[in-house]
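Just so we're clear, the structure is a prediction, and the values are computed from it rather than from any experiment. We number each residue from 1, following the sequence as shown.
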Amino acid sequence: MPSIILDPGHGGWDNGAQYAGRREKDDNLALALEVGARLTEDGYDVIYTRTEDVYDSPGQKARIANASGGDLFISFHRNSSPNPNTYSGVETLVFEDEGLVGELSRNINWQLEGVGFQNLGVRERRDLTVLRRTQMPAVLIETGFLNTDADNDLFEGQFSQIADAIAEGIEQTIEEREDRFDGDYSVQVGLYSSFERAQYALMDAVEKGYEGEVVPWKNYFAVRLGDFDTLGQAESFAAELRANGYETLVVLDR
């Protein structure tokens with residue numbers, strides 16, 4: 001089954017939004033752990049960027065996610081506004097609103113709407129590190145406004161249902177796009193800002209006897225080698241590449 005990375009936003013010295021003694025980092029962690037428990041019960045492999053009140057930079061969280069080889073990245077946050085009790089609802093942020101990411105975002109939003117949140121839709125945010133630098137489909141959920149009393153009442157009173165809704169949105173997407181999570185693994189050995197540098201790296205690998213391709217990914221170009229039906233085959237190939245001096249990341253091609 002696909003592995004799912006859950007990222008409780010903020011942590012440690014970074015409280016996130018605050019309102020009437022409430023700290024966003026605490027809500028994010030509690031909800032991520034609860035969603036993770038639901039997913040684990042259903043047989044999914046769950047990876048957390050944090051399970052305690054510690055701080056890692058957004059860049060470090062993206063590196064944790066990429067090193068894990070996970071299939072989906074879900075970041076948990078709560079929204080805020082300049083003036084309390086002005087806005088209400090849930091929205092999901094994405095790097096690009098298309099394909100699997102768009103479907104995942106809408107499925108989560110629709111499920112949360114069923115719990116009682118106003119559905120504010122999906123919004124592109126290309127400036128967010130955890131969406132820009134993660135190498136798997138990534139979404140960031142803003143689960144209601146921290147400085148809106150009605151959203152806080154819903155968050156507390158329907159906490160279990162909210163966790164169920166998010167887990168259901170994730171599982172629904174995986175079931176609908178099951179073909180996206182079957183087979184076709186490769187090993188990434190480089191990520192470049194220009195096509196020319198990526199092509200040069202690929203040619204070097206080909207000269208060493210490997211087969212691969214340059215794959216556009218967000219604003220970058222990835223060099224990926226091999227084509228495998230199982231994760232085990234890809235991991236064995238990655239070990240061979242590492243022995244030959246490559247830095248590797250097993251990826252599920254999409």
Side-chain angles (χ1 to χ4, degrees), residues 3-40 44-84 87 90-95 101 104-105 108 112 120 123-148 151-152 154-156 159-160 162-163 166-167 169-170 188 191 217-220 247 249 251:
S3 57
I4 302 167
I5 305 157
L6 303 182
D7 169 45
H10 306 287
W13 61 263
D14 179 8
N15 292 327
Q18 299 180 77
Y19 172 68
R22 192 180 198 105
R23 304 182 300 186
E24 182 189 355
K25 67 174 183 178
D26 299 327
D27 286 355
N28 296 339
L29 180 58
L31 184 56
L33 292 175
E34 192 72 11
V35 172
R38 301 291 199 281
L39 294 171
T40 300
Y44 289 91
D45 179 23
V46 176
I47 302 159
Y48 299 93
T49 61
R50 71 178 177 101
T51 57
E52 299 176 341
D53 185 17
V54 297
Y55 175 80
D56 285 308
S57 70
Q60 178 62 19
K61 290 186 173 189
R63 287 190 288 273
I64 292 169
N66 294 339
S68 76
D71 297 298
L72 292 175
F73 180 91
I74 316 293
S75 190
F76 291 80
H77 286 258
R78 298 203 61 202
N79 223 328
S80 187
S81 60
N83 298 310
Y87 300 102
V90 61
E91 68 176 346
T92 303
L93 310 182
V94 299
F95 184 82
V101 167
L104 175 61
S105 301
I108 291 172
L112 288 171
L120 301 178
R123 184 157 58 99
E124 291 188 349
R125 284 288 303 273
R126 300 193 174 196
D127 59 316
L128 296 180
T129 298
V130 293
L131 300 179
R132 187 177 73 250
R133 294 187 181 176
T134 41
Q135 297 174 349
M136 65 286 298
V139 303
L140 187 154
I141 311 169
E142 297 276 18
T143 315
F145 282 76
L146 189 86
N147 62 346
T148 294
D151 280 3
N152 287 335
L154 184 60
F155 190 91
E156 293 175 2
F159 182 77
S160 180
I162 290 169
I166 294 173
I170 295 169
Q188 186 168 301
L191 190 65
W217 179 81
K218 297 184 179 179
N219 293 334
Y220 300 92
E247 294 185 2
L249 173 69
V251 296

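- K25 pairs with exactly one of D53, D14, D7 by the salt bridge (Lys or Arg N to Asp or Glu O under 4.0 Å) rule, that one being D53.
- Annotation: side chain of N79 is in contact with side chain of E91 (closest heavy-atom distance under 4.5 Å).
- Using a cut-off of 4.0 Å between Lys/Arg side-chain N and Asp/Glu carboxylate O, E156 and R22 are scored as salt-bridged.
- In terms of heavy-atom proximity, R50 sits nearest to P8 at NE-O, 3.0 Å.
- When all heavy atoms of S57 and R63 are compared, the pair lying nearest together is OG-NH2, 4.3 Å.
- Across N66, I5, V139, a single residue satisfies side chain to side chain contact (heavy atoms under 4.5 Å, CB included) together with T134, and that is N66.
- Around the CD atom of Q18, the shell of radius 6.0 Å holds more than 12 heavy atoms that belong to other residues, nucleotides or ligands.
- At least one donor-acceptor pair closer than 3.5 Å links the side chain of T148 to the backbone N or O of Y87.
- Here the closest non-hydrogen pair linking I141 and I166 is CD1-CG2, 3.9 Å.
- Two residues are said to be in side-chain contact when any heavy atoms from C-beta on lie closer than 4.5 Å; Y19 and S80 fail this criterion.
- At a threshold of 4.5 Å between non-hydrogen side-chain atoms, the residues S81 and N147 count as touching.
- Using a 4.5 Å cut-off on side-chain heavy atoms (C-beta onward), H10 and R23 make no contact.
- For R38, the CZ atom is densely surrounded, since the number of other residues' heavy atoms within 6.0 Å is greater than 12.
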**Prompt:** What do the steps show when you test V130 against L140 for side-chain contact (heavy atoms from CB on, under 4.5 Å), and what is the final call?
**Reply:** CA-CA 8 Å; V130 293; L140 187 154; 4.1 Å; yes
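- For the pair I170/I108, a side-chain contact is recorded, criterion being any heavy-atom separation below 4.5 Å from C-beta on.
- Here the side chains of T49 and F73 are in contact, with some heavy-atom distance below 4.5 Å.
- Here the closest non-hydrogen pair linking G36 and V46 is O-CG2, 3.8 Å.
- A cation-pi arrangement is present between R78 and F155, with the terminal nitrogen or guanidinium carbon under 6.0 Å from the aromatic centre and inside a 45° cone about the axis.
- The closest donor-acceptor contact from the side chain of D151 to the backbone of F145 lies under 3.5 Å.
- Note that R132 lies outside the cation-pi zone of F95, set by a 6.0 Å cut-off to the ring centre and a 45° limit from the axis.
- The backbone N or O of A17 lies less than 3.5 Å from a partner atom in the side chain of E24, making a donor-acceptor pair.
- Taking the side chain as every heavy atom from C-beta outward, M136 and D71 never approach each other to under 4.5 Å.
- With rounding to the nearest 0.5 angstrom, the OG atom of S68 is 8.5 Å from the CG atom of L249.
- A distance of 9.0 Å separates CG in L93 from OG in S75, rounded to the nearest 0.5 Å.
- Nearest heavy atom pair, residue D56 against residue K61, reads O-CE, 3.7 Å.
- Two residues are said to be in side-chain contact when any heavy atoms from C-beta on lie closer than 4.5 Å; F76 and L33 fail this criterion.
- In terms of heavy atoms, L31 sits closest to I162 at CD1-CG2, 3.9 Å.
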